[in-house]
Amino acid sequence: MFFASRLSILCAVAMTVSPVFASTIKIGEVGSMSGSEATFGLSTHEGISLAVKEQNAKGGIKGKKIELINLDNQGKPEEAAVATTKLVTQDKVMAILGEVASSRSMAMAPIAQQNKVPMISPSSTNPKVTEIGNYIFRVCFIDPFQGKVMAKFAAEQLKAKRVAILRDVKSDYSVGLSNFFTEAFKQSGGEIVVDQSYSSGEVDFNSQLTSIRAKKPDAIFIPGYYTEVGLIAKQARKLGIKAPLLGGDGWDSTKLFEIGGKSLNNSYFSNHYSQEDQAPSVQNFIKSYKSEYNKVPDGLAAMGYDAAKVLFAAMEKTKSLASTEIRDAIAQTKDFPAVTGNITIDAKRNASKPAVVLEVKDGKFLYKSTVNP
Amino acid sequence: MAEFIQYLINGLSQGGTYALIALGYTMVFGILQLINFAHGEVYMLGAFTGLYTSKFAGAQISELFNRLLNGAPDQTSTLTAILTSIVIVLIAMVVCALVGLCVERLAYRPLRSSPRINLLITAVGVSLFFQYSGQIVFGSDPKAYPDLFENLESWTFGTDENLLVINPLQVFVFVTAIVLMLILRHIIFHTRLGRAMRAVSFNHDLASLMGIPTDRVIAATFMLGSALAGAAGVMVGMTYPKVEPLMGSLPGLKAFCAAVLGGIGNVTGAVLGSFILGLAEALLSGYGTPTYKDALAFAILILILLVKPSGLLGVHRTEKV
């Protein structure tokens, strides 16, 4: 323990001194490049890489090229913590971008905070993530808002009165979002008829769905990640459940269709942006992403791109690229024109932004509505 | 009532896949007193074999059956879907039998005369080897299984209040599992190979003195067990269309618990234990807390070791000194 704290002080000293003289600006990225949520990490990485490439083409930051160091956490919180420690102590990065999943961001944040390395999560929506310390930021909305969006959508657009919940007890994201949805839906006069749970990694949800079916809900809220959601949708339809399925931004992956197929028709989820948005910022981003990777970016790619852009803009504003300066500059971000909407970082280091509701239909995400905070 | 029956159906189809895995554990244990921890990974390899077979040859196989039976290449009926599935299951069984043979030949046989703990550690090593080389070869992101039964309607009984849904896939899995178990039973009790297997499991040295080629019998046991695990892998892949290289570890451990519950070394016991476990899990997640579903198997394991260590159908063997 003594050595550990000694080491971290040493590293903190090294951190504040060395980067100023380095020839490149090192930025760390931790993501799930493999594992069951691999598309999250891969999409985010593509978004970030595109932003880095564009910035370097413009001459980098303060004349220095950006060097992105990307580490895989295999979708495991403990690996995310190890990767963060490595980035901070060995690679001596100036800032960290990551993670998508809240559970993993929460494993990384204490390490970044302790070493005073600014960290921006592109798309972790659990409120607890940025509460860890004043070096931790995010560029996405948070779950209390996302829960409200879907509760409102269920009550007003779907006219649902009785909703069932199927949550992933292993994920901070899913548990948090379920609670916020429940709160908001009850406030609007609705009723949660049954609250069932599963653990991510499971494949059989027939029993939970059978007990949900018995309650005849108007809709089922499943705030999980795409791998399980695909299976759940399939099993739900096979059990004869026709009610619409609702979810959050954890659904955003093309793998969702590969697994769930047609069973996902009549499903809706909240997300950070819609590819159908005609705003020039969105269409320009889609164009350059397409020419780079030859595919349409999903929401997580857009969030990764935005997180990197916010960081670069903040770095440009600093005098000496010291970590306290970068931190302050990120905190002062105001009306930054990003792909997923204008970003203003609030006092709690969250971004306040609109959310979109998308409909899943025959392997496509169709734009349904936009909800402002 | 209908809800209860639905849980039973879900539990039976889950129990069927556990049973196919548990049989391999119990056969190998019966003959070598070795807990083959790599067994769950053979199941995973079976699932991947099924995945790639149906991806690259599934359409052709299905077309062939359609042409033979329906006269038109693109008319898929329940029968042709079932026949295609059976062919894919068979291919996976063959591949897994070969994998089982290789594992036995390369990893276990050289250690046959060494202390049992060495074998056990090797088994864990083989298991990790498959898990991690699987991640390199197949990639660690989950893969989606093509759905051969996509266009088939589920059978529904009863009306709104008492709805009961059985999907053809669940029935296919259950029936295939039962048929494979009956075949296995026939092999063990009514063939020369089965008699030799029973002899080797009774006393290895004595059997070899009687002229039984024990090495070959042990290899055959591994092949049989692995083939069943391969079949389970394909059927799980079809039912829950998501496969990944680490998918074998948890079902493997659960099937092991089921084998111990039924009495490890006992073939009927393994099947019984698996169905009990499958039903218990389905009922627990239906009426209780699904969060503890995975813990249930291990709770049962601890309980059975405390109360009746030889398992439900196991016979307590006195150690010969």
Side-chain angles (χ1 to χ4, degrees), chain A residues 32-42 72 74-76 166-170 175 195-199 201-216 225-241 253-263, chain B residues 2-7 9-11 13-14 17 135-136 139-147 149-151 153-154 156 160-170 236-237 239-247 249-251 278 281-295:
Chain A
S32 51
M33 309 303 288
S34 63
S36 57
E37 284 116 34
T39 68
F40 285 173
L42 295 169
D72 179 19
Q74 299 159 31
K76 297 175 189 156
L166 184 54
R167 63 171 81 191
D168 174 4
V169 286
K170 255 192 186 166
V175 170
D195 193 335
Q196 275 282 0
S197 61
Y198 64 92
S199 310
E202 276 180 23
V203 290
D204 185 90
F205 309 96
N206 279 309
S207 297
Q208 287 96 319
L209 289 166
T210 304
S211 90
I212 286 176
R213 190 183 68 188
K215 296 281 193 300
K216 295 198 192 350
Y225 292 135
Y226 61 90
T227 26
E228 278 84 22
V229 172
L231 288 175
I232 291 171
K234 205 153 205 181
Q235 288 168 30
R237 301 303 186 217
K238 283 207 164 137
L239 277 171
I241 297 175
S253 168
T254 46
K255 279 259 171 189
L256 184 71
F257 310 118
E258 278 180 40
I259 298 170
K262 278 183 215 141
S263 312
Chain B
E3 201 182 329
F4 180 71
I5 298 174
Q6 187 82 63
Y7 290 140
I9 294 168
N10 299 342
S13 82
Q14 185 73 43
T17 56
Q135 293 194 41
I136 295 169
S140 70
D141 56 319
K143 307 271 183 303
Y145 233 78
D147 194 349
F149 289 79
E150 178 101 61
N151 303 316
E153 289 289 316
S154 299
T156 45
D160 233 19
E161 281 305 309
N162 283 307
L163 187 68
L164 190 63
V165 181
I166 304 177
N167 81 56
L169 199 54
Q170 278 177 318
V236 164
T239 328
Y240 313 112
K242 182 194 91 172
V243 295
E244 46 167 339
L246 298 181
M247 67 183 280
S249 60
L250 194 58
E281 280 192 350
L283 292 173
L284 179 77
S285 13
Y287 292 116
T289 44
T291 320
Y292 297 114
K293 193 171 119 184
D294 286 344

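Just so it is clear: chains get the letters A, B, ... in the order the sequence lines come, proteins before strands, and each one is counted from 1.
- Of the listed residues (Gln208(A), Lys170(A), Gln196(A), Arg213(A)), the greatest number of heavy-atom pairs within a distance under 4.5 Å of chain B belongs to Arg213(A).
- Of the possible donor and acceptor atoms, one in the side chain of Lys255(A) sits under 3.5 Å from a partner among the backbone N and O of Pro142(B).
- For chain A, the nearby part of Gln170(B) is the side chain; its heavy atoms alone come within less than 4.5 Å.
- Distance alone, capped at 3.5 Å, is enough to place a donor-acceptor pair between the Ser207(A) side chain and the Ala282(B) backbone.
- Closest of all the heavy-atom pairs between Gly240(A) and Val165(B) is N-CG2, 4.4 Å.
- Within the 4.5 angstrom heavy-atom criterion, no atom of Gln74(A) approaches chain B.
- Contact count against chain A (heavy-atom pairs under 4.5 Å) is highest for Pro241(B) among Ser13(B), Pro241(B), Pro146(B).
- Considering only heavy-atom pairs separated by less than 4.5 Å from chain B, the leading option among Ile259(A), Ile212(A), Asp204(A) is Asp204(A).
- Here the closest heavy-atom approach between residue Ser211(A) and residue Glu3(B) is recorded as CA-OE2, 3.8 Å.
- Residues Glu244(B) and Thr227(A) fail the side-chain proximity criterion, which asks for heavy atoms closer than 4.5 Å.
- Rounding to the nearest 0.5 Å gives a distance of 13.0 Å between NZ of Lys234(A) and OH of Tyr240(B).
- A salt bridge links Lys242(B) to Glu228(A): one of the charged nitrogens lies within less than 4.0 Å of a carboxylate oxygen.
- By the neighbour-count criterion of 12 heavy atoms within 6.0 Å, atom OH of Tyr287(B) is densely surrounded, having more than that number from other residues, nucleotides or ligands.
- Side-chain contact between Gln6(B) and Leu239(A) is present, with at least one heavy-atom pair separated by less than 4.5 Å.
- Residues Val203(A) and Met247(B) are not in side-chain contact: their nearest non-hydrogen atoms beyond the backbone lie 4.5 Å or more apart.
- Lys293(B) is not listed as a side-chain neighbour of Tyr198(A), based on a closest heavy-atom distance of 4.5 Å or more.
- Your options are Ser34(A), Gly201(A), Ser36(A), and the one with the most heavy-atom pairs under 4.5 Å with chain B is Ser36(A).
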